[in-house]
Amino acid sequence: MSSFDFSNIVNPEAERIQRAFAELRLHLVNLANATPEDHPDLMACKEEWGCDWMWLMQDLSQCSLEGKTYNIGLALTAEESDMGHCSDELHQRYQAQICAFKLEAQRQAEEAAEEEARREAEKDKGKGKEKESAPEEEDAAMDGEDADGEAEEAEPSKRPARAAARTTKAGSEGRKKNVGRMSASSTYKVTCARCAKAGVRCYGWEVSRPVLKGNGI
């Protein structure tokens, strides 16, 4: 005949804590067996593994605290303890390597940024020199254009004077020539006796002489 009592009732919280601890023990063994190799090219894998290890340590600490609250004994086997100890030391070494790697990467990034800023400053300085030299070149070009314009303005002013001088000279020479000789087309105002006798136009070739009475001329 079975006894009817309630002295062996299991606490639900204690049962939950024991199940969670069993899962964490399995996770510890898996992580200890999946540690990445100590190689400089595996920094990303080391960092990812280190994050998983840190979360596992936090969960184990929380589970152990709850076990003590409910007076539940939670213990690892000797093999699990050795694996956990080796993995924790490896985690600390990898964390130091990752920290040094990040500092070096930050230093290189800062140097690259400073170099880029220096190049931009030199480029802006070169552009400033070009902008300063451009107005000087424009002023020189404008001065040259003004000089050319003044020369061109002075040159036409000389040309009309020269043309007027040539015209005046030609006119004076023409007048001199006209004074030296008489045109064949112009008639003489006083008709000579010969032309009057002949009844033709007189061109002044012979001036008429008065007829003297008494001597028969």
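The basis for the numbers below is simple: all heavy atoms, side chains too, and nothing from hydrogens, waters or symmetry mates. The residues of the chain are indexed from 1 along the displayed sequence.
- Note on residues 36-46: pairs passing side chain to side chain donor-acceptor pair (under 3.5 Å), not counting sequence neighbours, are Asp38-Lys46, Asp38-Gln97, Lys46-Gln97.
- The neighbour count for Glu115 CD, taken as heavy atoms of other residues, nucleotides or ligands under 6.0 Å away, is above 12.
- Ion pairing between a basic and an acidic side chain is recognised when a charged N comes within 4.0 Å of a carboxylate O; Arg118 and Glu114 show no such pairing.
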Considering only distance and modelled atom types, tabulate donor-acceptor pairs under 3.5 Å from the side chains of residues 63-71, sequence neighbours left out.
| from | atom 1 | to | atom 2 | distance (Å) |
| --- | --- | --- | --- | --- |
| Glu66 | OE1 | Arg16 | NH2 | 3.3 |
| Glu66 | OE2 | Gln62 | NE2 | 3.4 |
| Thr69 | OG1 | Leu65 | O | 2.9 |

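- Taking the charged nitrogens against the carboxylate oxygens, Glu89 and Arg93 have no contact shorter than 4.0 Å, which rules out a salt bridge.
- For Cys45, the side chain to side chain contact (heavy atoms under 4.5 Å, CB included) partners are Pro36, Leu42, not counting sequence neighbours.
- To the nearest 0.5 Å, atom CG of residue Leu90 and atom CD of residue Gln95 are 10.5 Å apart.
- The side chain to side chain contact (heavy atoms under 4.5 Å, CB included) test applied to Gln58 returns Trp55, not counting sequence neighbours.
- Atoms CG and CD, from Leu103 and Gln106 in turn, are 6.5 Å apart once rounded to the nearest 0.5 Å.
- Salt bridge present: Glu104 and Arg107 bring a charged side-chain N and a carboxylate O closer than 4.0 Å.
- Both Trp53 and Leu76 belong to a common hydrophobic cluster when Ile, Leu, Val, Met, Phe, Trp and Tyr are linked at side-chain heavy-atom distances under 4.5 angstrom.
- The distance from atom CG of Leu24 to atom CD1 of Ile17, rounded to the nearest 0.5 Å, is 11.5 Å.
- Using cut-offs of 30° and 60° for the angle between ring planes, the Trp49 and Tyr94 rings count as perpendicular.
- Looking only at distances, a side-chain donor or acceptor of Asn33 sits under 3.5 Å from a matching main-chain atom of Val29.
- Residues that satisfy the salt bridge (charged side-chain N to carboxylate O under 4.0 Å, His left out) test with Glu47, not counting sequence neighbours, are Lys102.
- Partners of Glu23 by side chain to side chain contact (heavy atoms under 4.5 Å, CB included), not counting sequence neighbours: none found.
- Heavy-atom contacts from other residues, nucleotides or ligands closer than 6.0 Å to CD of Glu13 number more than 12.
- Hydrophobic cluster membership differs between Ile98 and Met57, with clusters built from Ile, Leu, Val, Met, Phe, Trp and Tyr side chains linked at under 4.5 angstrom.
- We find the CG-NE2 distance between Asp59 and His27 to be 8.5 Å, quoted to the nearest 0.5 Å.
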